[in-house]
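I have placed the structure first, in the form of structure tokens, so that the comments after it can refer back to it.
As the structure is a prediction and not an experimental result, all values here were calculated from the model.
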Amino acid sequence: MSDYVDSYYRDSRRISLAPTPPLGGARRVDVAVVGGGVTGCSAALNLAERGYSVALVEANRIGWGASGRSGGQILTGFGTGMSTFADALGTDSARQIFEMSREAVALTVDRIRRHDIDCDLRDGAIYAALKPRHMKALAAEQEHMRRVYGYEGLTLLDRDALAERVRCPAYIGGLYDAESWHLHPLNYVLGLARAAQAAGATLYEESPVERIAHGEPATVHTRDGELTADYVVLGGNAYLAADVAPELAGHLMPVGNYIIATEALSDRQVAETLPSDDAVSDANFVLDYYQLSAAPASAHGPRLLYGGQVSYGKRAPKRLNERMQAKLGRLFPALEGIGIDYSWGGLVGVTRNRAPHFGRIGPNVFYAQGYSGHGMAFAGLAGKLIGEAVAGQAERFDLYTRVSHRRFPGGARLRTPLLVLATNFYRMRDRV
């Protein structure tokens, strides 16, 4: 069986599942779920709780992709501003969509508590400003969210107030979100999968999907077996093979993102970095994000989990550890030269407008993808919305299908080079 990538999350996972053998032979179920990340496990849990017979197939291991490798931030909102939804659907629908982003966070916390998922859940998230224009934008965001969306969870922090929580001299202020959280992502998705099993869903690992024969019912063909189902859920996101759903080609850009885990921090280093144990991301377009791990039961302290480098090819950036270590030392002088024990990467599914991409292929194949960096919370709600739609209450799912999604320009050959050029422009703008 293939293992998880070499990461801090792999070596600190604590949740085990009932046996998840590869799918062999033919089986008939109500719903077949493709993908063992947050979307797929959430859909399997919700549908099994509703009484449907559910089988989930995962090409590798549960949580093997982005869901088990991410920065672990459970955030309100989306990878795009609310104006994307307001412009497409109107203000009233945008308000409904924002409330669902809050619901996504609340659902995550409720499931962790209800199913006793040991995933180091902690509250608090901050968006940090590096430049005056960032502070101006954060202040405008706080006011806009309060006035238009009635959201009171954001607190603007000046330099001194931010320094109480984040000891980074480069930041001039920030925005604190009281409704956001952070956690250990792999343990969280394994906990969702365990809850789905307890509700009656069957999970199959090492079962890559090769094709789907559409119809009513549809048949999902894996390497060694097949599932015939009334409904199919596609939750593979950036890891979904292109020939499984060619209808989705070009709507999603798989972007490589990378994280390091430092050696254990001393009490002094914790006090000089993140004394309030918040999750942080900065206001740049190509942003940095980080949080402390939970302190282990041993005498060792927590690690800093720091992400922010991106790539658009299949290779990690050159001198990744060296560059991230140097950047970390510039942000936090107390961590200059600190050892790095782990580094890993994974693919984030990004849409052109940075809004999640929901829809159907035919009448009975549902997909949800393209969370653009905000999937840890919202993918959980996506699974619930798909469960509602399968049960005949599709209004909330269909609200997202009304957001228009254009394909990335350039076709298969030029799509990535064009995105690299655009990102380099924004990277240069970040420096101004």
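Residues H134 and Y127 have side chains that never bring a donor and an acceptor to within less than 3.5 angstrom of each other. Side-chain N/O atoms of Y258 and S311 include a donor and acceptor closer than 3.5 Å. If you check the side chains of Y188 and S67, you find no donor sitting under 3.5 Å from an acceptor. Side-chain polar atoms of R28 and S53 form no donor-acceptor pair below 3.5 angstrom. Judged by distance alone, the side chains of Q291 and H182 do bring a donor and an acceptor atom under 3.5 Å apart. Checked by atom type, the side-chain pair D177/T76 shows a donor-acceptor distance below 3.5 Å.
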Intermediate values then yes/no, side-chain contact (heavy atoms from CB on, under 4.5 Å), E206 and T20: CA-CA 9 Å; E206 299 289 329; T20 55; over 6 Å; no
Full working for salt bridge (Lys or Arg N to Asp or Glu O under 4.0 Å) between R102 and E179: CA-CA 8 Å; R102 297 177 70 187; E179 290 192 15; 2.5 Å; yes
L265 and T273: CA distance, side-chain angles, deciding distance, side-chain contact (heavy atoms from CB on, under 4.5 Å) verdict: CA-CA 10 Å; L265 273 58; T273 52; 4.0 Å; yes
Trace of the side-chain hydrogen bond (donor to acceptor under 3.5 Å, both in side chains) decision for T39 with Y371: CA-CA 10 Å; T39 303; Y371 306 106; 2.8 Å; yes
side-chain contact (heavy atoms from CB on, under 4.5 Å) evaluation trace for V34 with V233: CA-CA 6 Å; V34 178; V233 177; over 6 Å; no
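With values rounded to the nearest 0.5 angstrom, C41 atom SG is found 6.0 Å from L203 atom CG. Separating the CD atom in Q309 from the NZ atom in K318 is a distance of 14.0 Å, to the nearest 0.5 Å. To the nearest 0.5 Å, the span separating CG on D288 from CG on L328 amounts to 9.0 Å.
Using a 4.0 Å cut-off between charged nitrogen and carboxylate oxygen, R223 and E205 do not count as a salt-bridge pair. With respect to D398 and R360, a salt bridge is recorded, a charged nitrogen being found less than 4.0 Å from a carboxylate O. D243 and R211 are not joined by a salt bridge, as no carboxylate oxygen comes within less than 4.0 angstrom of a charged side-chain nitrogen. A salt bridge does not link R27 to E226: none of the charged nitrogens lies less than 4.0 Å from a carboxylate oxygen.
Here the shortest heavy-atom pairing between G307 and M324 reads CA-CE, 3.9 Å. Considering all non-hydrogen atoms of both residues, L292 and P302 come closest at CB-CB, 4.4 Å.
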Using residues 11-18 as the side-chain source, report each donor-acceptor pair under 3.5 Å to any protein atom, sequence neighbours left out, with the distance given to one decimal.
from, atom 1, to, atom 2, distance (Å)
D11, OD2, Y342, OH, 2.9
S12, OG, Y8, O, 2.7
S12, OG, H184, NE2, 2.8
R13, NH1, R10, O, 2.8
R14, NE, D118, OD2, 2.9
R14, NH1, S12, O, 3.4
R14, NH2, D118, O, 3.1
R14, NH2, D118, OD1, 3.3
R14, NH2, D120, OD1, 3.0
R14, NH2, D120, OD2, 3.4

Under 3.5 Å donor-acceptor pairs involving side-chain atoms of residues 386-394, not counting sequence neighbours:
from, atom 1, to, atom 2, distance (Å)
E388, OE1, R396, NE, 3.3
E388, OE2, R396, NH2, 3.0

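Taking the six-membered ring for Trp, Y4 and Y9 have ring centres at least 6.0 Å apart. Less than 6.0 angstrom separates the ring centroid of H357 from the ring centroid of H251. For F332 and Y290, the ring centers sit closer than 6.0 Å to each other.
The shortest distance between side-chain heavy atoms of T219 and L227 does not fall below 4.5 Å. For the pair H405/N353, a side-chain contact is recorded, criterion being any heavy-atom separation below 4.5 Å from C-beta on. Within the 4.5 Å cutoff, side-chain heavy atoms of V244 are placed close to those of I212. By the 4.5 Å heavy-atom criterion applied to side chains, L331 and Y171 are counted as neighbours.
Counting only residues at least two apart or on different chains, the ring pair (Phe, Tyr, Trp, His ring centres under 6.0 Å) pairs with a member in residues 82-102 are F78-F85, F98-Y149, F98-Y151. Annotation: ring pair (Phe, Tyr, Trp, His ring centres under 6.0 Å) contacts involving residues 16-48, sequence neighbours excluded, are absent.
Not a single salt bridge (Lys or Arg N to Asp or Glu O under 4.0 Å) links E247 to another residue, sequence neighbours left out. Partners of R406 by side-chain contact (heavy atoms from CB on, under 4.5 Å), not counting sequence neighbours, listed by chain and number: R352.
R165 forms a cation-pi arrangement with Y176, by the criterion of a distance under 6.0 Å to the ring centre and an angle within 45° of the ring axis.
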